[in-house]
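Values below: all heavy atoms of this structure, side chains included; hydrogens, waters and symmetry mates excluded. No experiment lies behind these values; they were computed from the predicted model shown. Numbers restart at 1 for each chain; the letters A, B, ... are given by sequence-line order, proteins then strands.
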Amino acid sequence: MTRQLALVDCNNFYVSCERVFRPDLQRTPLVVLSNNDGCVVSRSNEAKALGIKMGQPWFECRALAEAHGVLALSSNYALYADLSNRVMSILRDHAPRQEVYSIDECFVDLTGCADSKQRSQQLRKRVGQWTGIPVCVGIGPTKTLAKLANMVAKKHPRSKGVFDYNALTDAQKEKLLQQIEVGEVWGVGRKLRVRLADRGIHTVCDLRAAHTPTLRAEFGVVLEKTQRELQEIPCIDLQEVTPNNQQIISSRSFGHMIEQVAGLKAALSTFAANACAKLRTQQSCAALIQVFLHTNRFRPDLPQYMPALAMALPEPTNDTLLVSRCVSVLADQLFRPGYQYKKAGIVLSQITPVGQVQHDWLAPTQAHRPRLMQALDTLNARYGRNTVRVSAQDVGATWQMRQERKSPNYTTDWGAIPSV
DNA sequence: TCTCCGATTAGAC
DNA sequence: CTAACGGTCTAATCGGAGA
């Protein structure tokens, strides 16, 4: 029996989230900006129609956008995460197997469903009614084809938000795949698209039909799997359990350039606190701590410096105070005066589950304070993130990112909901 | 010459 | 008036070091 994999993808997700609590913006052209109000990361259909590109720097399109009455909002991740959870939980309750693929997408397995297309329509309707978030559904025998089908559903209003690749005849499949550029395929990005074009592979149909051993030799396993998936041979399974992260990064661009170590350390200890909190939520510890600093790469007129340094711990930890101190030491070693720093961050890796951590009982007592960290997490959960923090976070702290257009915290603050 | 491992590349969203 | 350009994550592959 052919598999019926459905990809459910929220439409213009961040923009749609903002509109849930601001129905008056339903027809206003709208974009959501990345951290630091830097780039456009979500666009309403009206904004797309104006030619505003995904990932475009806001300062580049701002004049055009504002001339057409486009409203730009800073991103409000707490809101998006909250609505995402609601969407995912509705889908989980209405489909047997689910993989949450990203904040706005999930795969569900509808294999064996009597009428998967009708079922998808129901899912769509339910998510819309219960959350206010519009979604489209693509159905196919493999994940790659389900993604492609989803694209078709989004692009063609005739599909009413659901497109089923499995329902096509071989001739219809061929015709459809001829019309889609290879760059639209999941796993084919900018670089590959160019290299494939050099080989005469322009459409999805071309990729599907290419000589497999040659493709493999030239482009590697990843693309071979993609090709197989286009040929309806499943190579990428549904991942129902989300694995723990192998690496946790916390980094930010600053609202203003920083020239002093103290400022960098304030930012870095906040990053340490956030990264460790994340380690704790997934009940794991890290053994390698890396710190990096960046000057502004878009200012070739200024001296550039982007150093990085790692410290290996004798035993894995998730203790904010310990990691903060390491990060401070690394910052001192990396810091050179005379540069204007625009960004910094930390990377935690060599991650293992807490239960597997072997304590060195011959060594003097390590700074390992699970109960203190638990108390800290409880307090911050109740009274807000960073209510209890490391003092280094405050010393010389001037690094906050720009976020001039953020919407209120609708889902966590009653007062934020506009009165009707 | 082989193996290992860190760095780099490419992609996703 | 001018400058203003995200953040996290994974897997595969490359290339140098050391065995």
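Within the 4.0 Å cut-off from OP1 or OP2 of C:dG7, at least one side-chain nitrogen or oxygen of A:K343 is found. The phosphate of C:dC9 (OP1 or OP2) has a side-chain N or O of A:K278 nearer than 4.0 angstrom. Between C:dG7 and A:S253, a contact under 4.0 Å exists linking OP1 or OP2 to a side-chain N or O. Between A:S251 and C:dT8 there is a side-chain polar atom (N or O) within less than 4.0 angstrom of OP1 or OP2. Of the side-chain N and O atoms in A:K225, none sit less than 4.0 angstrom from OP1 or OP2 of C:dA11.
A 4.5 Å side-chain heavy-atom check between A:T411 and A:F21 finds at least one atom pair inside the cut-off. Counting heavy atoms from C-beta on, the side chains of A:L288 and A:L313 never come closer than 4.5 Å. Contact of the A:Q231 side chain with the A:T142 side chain is not registered, since no non-hydrogen atoms from C-beta on lie closer than 4.5 Å. A 4.5 Å side-chain heavy-atom check between A:W58 and A:C39 finds every atom pair outside the cut-off. Counting heavy atoms from C-beta outward, A:V20 and A:I133 have side chains that approach closer than 4.5 Å. Residues A:R252 and A:F271 are in side-chain contact: their nearest non-hydrogen atoms beyond the backbone lie under 4.5 Å apart.
Across all strands, A:W186 comes closer than 4.0 Å only to sugar-phosphate atoms, never to a base (heavy-atom distances). If you check every strand for non-hydrogen atoms under 4.0 Å, A:V347 touches nothing. Contact annotation for A:L33: no contact, since no heavy-atom pair falls under 4.0 Å across all strands. Residue contacts for A:S250: at a heavy-atom cut-off of 4.0 Å it reaches the sugar-phosphate backbone alone, with no base atom in range. Among the atoms of the strands shown, only primed sugar atoms or phosphate atoms (P, OP1, OP2) are found under 4.0 Å from some heavy atom of A:L192. Across all strands shown, A:R62 has no heavy atoms under 4.0 Å from either base or sugar-phosphate atoms. Residue-level contact check: A:R297 touches neither bases nor backbone, having no heavy atom under 4.0 Å from any strand.
Closest approach to the A:Q247 side chain among C:dT10, C:dG6, C:dT8 is made by C:dT10 (side chain taken as heavy atoms from C-beta onward). When each of C:dG7, C:dA4, B:dA10 is scored by its nearest atom to the side-chain atoms of A:R299, the top-ranked nucleotide is C:dA4. When the nucleotides C:dC5, C:dC9, B:dG11 are ranked by their closest atom to the side chain of A:R402, C:dC5 comes out on top. For A:N245, taking side-chain heavy atoms from C-beta onward, the closest of the listed nucleotides C:dC9, C:dA12, C:dG6 is C:dC9. Of the candidate nucleotides C:dT13, C:dG6, C:dA4, C:dT13 has the atom lying nearest to any side-chain atom of A:V221. Closest contact between the side chain of A:R252 and the listed nucleotides C:dC5, C:dA4, C:dT8 involves C:dT8. Closest to the side chain of A:F298, from the set C:dG6, C:dC5, C:dG7, is C:dC5. Of the candidates C:dC5, C:dA12, B:dA10, C:dA12 carries the atom nearest the A:V222 side chain, counting heavy atoms from C-beta on. The side chain of A:Y101 lies closest to B:dA12 when the candidates are B:dA12, C:dC9, C:dG7. The A:P57 side chain lies nearest to C:dC5 when the options are C:dC5, C:dC9, C:dG6.
Under the Watson-Crick or G-U wobble criterion, with both distances below 3.5 Å, C:dA19 is paired with B:dT1. Look at C:dC1: it lacks any Watson-Crick or wobble partner with both distances under 3.5 angstrom.
For NZ of A:K175, the number of neighbouring non-hydrogen atoms (other residues, nucleotides, ligands) closer than 6.0 Å is 12 at most.
Counting to the nearest Å, the P atom of B:dG11 and the CD atom of A:E224 are 17 Å from each other. Regarding A:Q340, its CD atom lies at a distance of 14 Å from the C1' atom of C:dA4, rounded to whole Å. One atom, CZ of A:F219, and another, P of C:dT13, lie 13 Å apart when rounded to the nearest Å. One atom, NZ of A:K143, and another, C1' of C:dA11, lie 14 Å apart when rounded to the nearest Å. Look at CD1 on A:I346: it is 10 Å from P on C:dT8, rounded to the nearest Å. A:M54 has its CE atom 11 Å from the C1' atom of B:dA12, to the nearest Å. Look at CZ on A:R195: it is 16 Å from P on C:dA12, rounded to the nearest Å. The nearest whole Å value for the distance from the CD atom in A:Q290 to the C1' atom in B:dG6 is 10 Å.
When the nearest nucleotides of DNA chain C are assigned to A:C39 and A:N244 by heavy-atom distance, the more 5′-ward of the two goes with A:C39. Residue order along DNA chain C, read from the 5' end via each residue's closest nucleotide, puts A:N296 first among A:N296 and A:Q246.
Under 4.0 Å is where a charged nitrogen must lie from a carboxylate oxygen, and between A:D24 and A:R19 no such pair does.
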